[in-house]
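Each remark here refers to the structure printed beneath this line.
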Protein chains: 2
Amino acid sequence: MSSTAGTAPAIKVLPAPPGLPEPLPEPTVEELRLETVLGALSDPLRLTIVRKLLLESEQFDHSCGWFGFDRPKSSLTHHFKALREAGVTRQRQYGLERRSHVRVDDLNACFPGLLDLVAAWAPEA
Amino acid sequence: MSSTAGTAPAIKVLPAPPGLPEPLPEPTVEELRLETVLGALSDPLRLTIVRKLLLESEQFDHSCGWFGFDRPKSSLTHHFKALREAGVTRQRQYGLERRSHVRVDDLNACFPGLLDLVAAWAPEA
DNA sequence: CCTGCAGTACGACTTTAGTCGAACTTAGCA
DNA sequence: TGCTAAGTTCGACTAAAGTCGTACTGCAGG
C-alpha cells in the first residue's frame, strides 16, 4: 500500500470542480487506519452522526445544525472534527456553513462492510 | 433492557461439556453493543490480540503467555479483560492458565464483516 | 457600517483509559 | 509442605478524551 515514495506527500486537497469549495484537511486514503476509524466510531454521538448521514440523503452535504443536537456548539465542533480527522467524513465550507458527508467510497474501499454496521446500528434503548 | 420479549432469558453460561471450564463472566449476545466492541478494537494491542487469535489456530484457546508480549502481566490482564467485557473474546480457566478465544459466531451474527476487517488489519508500518 | 449568525479556537475542568509495580491467589509438583 | 509459575487485584500515576463557556472569525443582509 505504501508504495508511494518515502514521505507521503500528503495530498490534502482533491481536484474539486469549479464552484465547489475545497475539503478541509483530512487524511488521505492511504493514511486511513482501522484503529483510528474504530476509535472515532466508538462514541454514540458520532455513531449517530454518521448513521444519520448515511441513511438520510447522502446526496447532499449537511450542516452542523441540520442534525438538531442540543449540545453546545463547541462540543459539536469537537466531534465533527474528530470524525473528519479520522477520515470518516469530509467537510466543505459553504459560505457560513460547514457541511459534512461520509467518505463512503474511501471507507468501503479500505474497510468493506464497516459502514453497513454503522447503518444497521441502533442507539441504545 | 432485555431483549426480545419472552424467550432467551440471558444465558450467561454455555451448556459446557463436562470437563470444560465455564466461561468467565461476559455479555450475552443481546448485550453486545457496536460502540463498545468498536471501542475495544480501537487499540492496537487489542487488535493484535484478536487478529492473532483469528489467524493462528482458532481451534484452540490460547493462554495469555502464548502471545509473547513483553508487557507487564498486569497490563495484559487489563487488555484481555477489556476484550472479554466488551464481548469480543471468551475466557476459560484451565488450571493455572486462563485461555482466550474470539467469539466468532456471536460477532458474525451481530456485526457481520467486522472480524474480516480485523483479520485484514496490518499493524502500522 | 453595523449587526446577527454559523461555526471555530482556546482553555479550564472533569472523566476515562492505559501503564505498571507490588502484593495476593491458586494449581501443580517435588 | 513448601516452592514455583500464571494470572489477578489494588492502587497510584499519567495521558488522552469529552464537555462546555467565552472570545473570536467571517459571510450576509439591511
Side-chain angles (χ1 to χ4, degrees), chain A residues 19-26 33 35-50 53 60-101 123-124, chain B residues 19-26 33 35-50 53 60-101 123-124:
Chain A
L20 191 62
E22 297 190 348
L24 303 191
E26 66 183 19
R33 301 252 72 228
E35 62 270 32
T36 307
V37 171
L38 295 187
L41 294 176
S42 67
D43 179 279
L45 180 62
R46 293 199 287 256
L47 222 31
T48 302
I49 291 172
V50 177
L53 281 176
F60 309 111
D61 297 6
H62 289 285
S63 74
C64 205
W66 172 76
F67 295 87
F69 297 123
D70 61 341
R71 304 278 192 98
K73 292 192 289 181
S74 50
S75 296
L76 297 181
T77 298
H78 171 75
H79 289 291
F80 278 97
K81 185 180 178 188
L83 285 172
R84 174 171 53 84
E85 292 185 339
V88 178
T89 59
R90 172 167 296 144
Q91 289 186 290
R92 286 193 169 90
Q93 192 83 29
Y94 288 81
L96 268 188
E97 294 179 348
R98 180 169 293 193
R99 301 191 195 158
S100 303
H101 69 111
E124 77 175 317
Chain B
L20 191 63
E22 297 191 348
L24 303 190
E26 64 183 21
R33 302 250 72 228
E35 63 270 33
T36 307
V37 171
L38 295 187
L41 294 176
S42 68
D43 180 278
L45 180 62
R46 292 198 289 256
L47 221 32
T48 303
I49 291 173
V50 177
L53 281 175
F60 309 111
D61 297 6
H62 290 285
S63 74
C64 206
W66 173 77
F67 295 87
F69 298 122
D70 61 341
R71 305 277 193 99
K73 293 192 287 183
S74 50
S75 296
L76 297 181
T77 297
H78 172 74
H79 288 292
F80 278 97
K81 185 180 178 188
L83 285 172
R84 174 172 52 84
E85 292 186 338
V88 178
T89 58
R90 173 166 296 143
Q91 289 185 291
R92 286 194 169 90
Q93 192 83 29
Y94 287 80
L96 268 187
E97 294 179 349
R98 181 168 292 192
R99 301 191 194 159
S100 302
H101 69 112
E124 80 175 316

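Quantities reported herein were computed from a predicted structural model and do not represent experimental measurements. No hydrogens, no waters, no symmetry mates; every other heavy atom, side chains included, goes into these values. Convention: sequence-line order gives letters A, B, ...; per-chain numbering from 1.
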Run the side chain to side chain contact (heavy atoms under 4.5 Å, CB included) check on A:I49 and A:F80 step by step: do they pass? CA-CA 9 Å; A:I49 291 172; A:F80 278 97; 3.9 Å; yes
Are OP1 or OP2 of D:dA6 and a side-chain N or O of B:R99 less than 4.0 angstrom apart? no
Counting only side-chain nitrogens and oxygens, does B:R98 get under 4.0 Å of the OP1 or OP2 atom of D:dA6? no
Between [N] ([atom2]) and [X] ([atom1]): distance, integer Å:
| X | N | atom1 | atom2 | result |
| --- | --- | --- | --- | --- |
| B:F69 | C:dG18 | CZ | P | 14 Å |
| B:W66 | D:dG7 | CH2 | P | 13 Å |
| A:R71 | C:dG7 | CZ | P | 17 Å |
| B:L38 | D:dA17 | CG | P | 16 Å |
| A:Q93 | C:dA9 | CD | C1' | 14 Å |
| B:L45 | C:dA17 | CG | P | 16 Å |
| B:L76 | C:dG21 | CG | P | 12 Å |
| A:E35 | D:dA16 | CD | P | 15 Å |

Please pick, from [options], the nucleotide with the shortest atom-to-atom distance to any side-chain atom of [X].
| X | options | result |
| --- | --- | --- |
| B:K73 | C:dA9, D:dG7, C:dG7 | D:dG7 |
| B:S75 | D:dA5, C:dC10, C:dT19 | C:dT19 |
| A:P72 | D:dC20, D:dA6, C:dG7 | D:dC20 |
| B:L96 | C:dA22, C:dT26, C:dG7 | C:dT26 |
| A:R46 | D:dT19, D:dG18, D:dT9 | D:dG18 |
| B:D43 | C:dC20, D:dG18, C:dG18 | C:dG18 |

For a 4.5 angstrom cut-off between non-hydrogen side-chain atoms, does [X] reach [Y]?
| X | Y | result |
| --- | --- | --- |
| A:V88 | A:R46 | no |
| A:L24 | A:R98 | yes |
| B:T48 | B:F67 | no |
| B:K81 | B:R84 | yes |

Tell me which residues in residues 77-89 of chain B lie within less than 4.0 Å of DNA chain C, going by non-hydrogen atoms. B:H78, B:H79
Where is the tightest heavy-atom contact between B:A82 and B:A40, given as atom of each residue plus distance? O-CB, 4.4 Å
Determine the minimum heavy-atom distance between A:H101 and A:L53, stating which atoms define it. CA-CD1, 4.1 Å
